[in-house]
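Just below is one structure, and these are the notes that go with it.
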2 protein chains.
Amino acid sequence: MKSEIGTLGLPPKQFDLVAKALADPRRMALLESIGSEREYSCQKLCVEFPVSKGTISHHMKELVRAGLIEQRREGQYRFYEVRREVLAAYTAELMRRVARVSGQ
Amino acid sequence: MKSEIGTLGLPPKQFDLVAKALADPRRMALLESIGSEREYSCQKLCVEFPVSKGTISHHMKELVRAGLIEQRREGQYRFYEVRREVLAAYTAELMRRVARVSGQ
DNA sequence: GCAACAGTTTCATAACCATCAAACACAAAT
DNA sequence: ATTTGTGTTTGATGGTTATGAAACTGTTGC
């Protein structure tokens, strides 16, 4: 999900993907680890979390699909980086959607 | 989930519940409707959404459980109100969790 | 080439969950 | 008290998904 979130908020489809991606505690934990450094290797995640590499790969795919992380390939290694603008756009859109309009 | 979100962020358990509650598009849409007015009746939701009242009731239960809405009983009717402080606390905690700490 | 390592994909499985229908509980009105 | 209306609970069902194992792809180094 490569979208421009410049002036207009998150597209509805991406909004749903982000919400879904954040809903799983394990995936959220993975995102937190990635966010704790400037970038985070897949290897480190595999060591840190008690799940198979297949499962890690699956979660990374979902996070990328939602636009929450960016992937960098370096030889045989993969590095991930959190896209905080997307996260910020999500929270902004979330608050906007429940901003009361009618009836004061 | 009745928690004091005064100075300290959302408790981890409630954080997970909120994330889960927001992940379903229908439930999110229900929350948006409730938030579009000062308060919203269950009746109105049942008319507005093409799902059974059983399903509406189920979603309301989840939203209450997450602390995202408050419920008021008035005779045979139910009214819901969005708890924006909880939503704000969730987004704050979300951003806090991915706020980079080490390695600049 | 071959072996070792890093990730991905596929397949199967179990758990979860959104949904409906129907039965239920409760309130209001006749 | 009986009926009607509003919401809840229960049971069943189909769809989604988190997970592991194993096969696969690609890269590094011998």
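Convention: sequence-line order gives letters A, B, ...; per-chain numbering from 1.
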Report task. Would you sort out whether B/Asp24 and B/His59 count as a side chain to side chain contact (heavy atoms under 4.5 Å, CB included), showing the intermediate values? Result -> CA-CA 9 Å; B/Asp24 183 67; B/His59 285 313; 3.6 Å; yes

**Report entry** Opening and closing nucleotides of DNA chain C in contact with chain B, under 4.0 Å to non-hydrogen atoms
**Finding:** C/dC17 to C/dA28

Query - Cation-pi check, A/Arg78 onto A/Tyr40 ring (under 6.0 Å, within 45° of axis) - result: no

Requested in this report: Identify, between A/Gly75 and A/Pro50, the residue whose nearest nucleotide on DNA chain D lies closer to the 5' end.
Outcome: A/Pro50

Query raised in the report: Does the B/Ser57 side chain pair with the main chain of B/Gly54, one donor and one acceptor, at a distance under 3.5 Å?
Result: no

**Report entry** Reading 5' to 3' through nucleotides 1-16 of chain D, protein heavy-atom contacts under 4.0 Å coded B for base, S for sugar-phosphate only, - for none
**Finding:** ----BSBBB-------

Query raised in the report: Which atoms form the tightest heavy-atom contact between A/Arg27 and A/Lys20, and what is the distance?
Result: NH2-O, 3.2 Å

Query raised in the report: Which pair of heavy atoms, one from B/Leu63 and one from B/Ala21, lies closest together, and at what distance?
Result: CD2-CB, 4.2 Å

Report task. Starting from C1' on D/dG20, measure out to NE2 on A/His59 and report it in whole angstrom. Result -> 12 Å

Query raised in the report: B/Phe79 ring centre to B/Arg38 NZ or CZ under 6.0 Å, with the angle to the axis within 45°?
Result: no

Query raised in the report: Do B/Ser52 and B/Thr55 have side-chain N/O donor and acceptor atoms under 3.5 Å apart?
Result: yes

**Report entry** Side-chain donor or acceptor of B/Arg72 paired with backbone N/O of B/Tyr80 under 3.5 Å
**Finding:** no

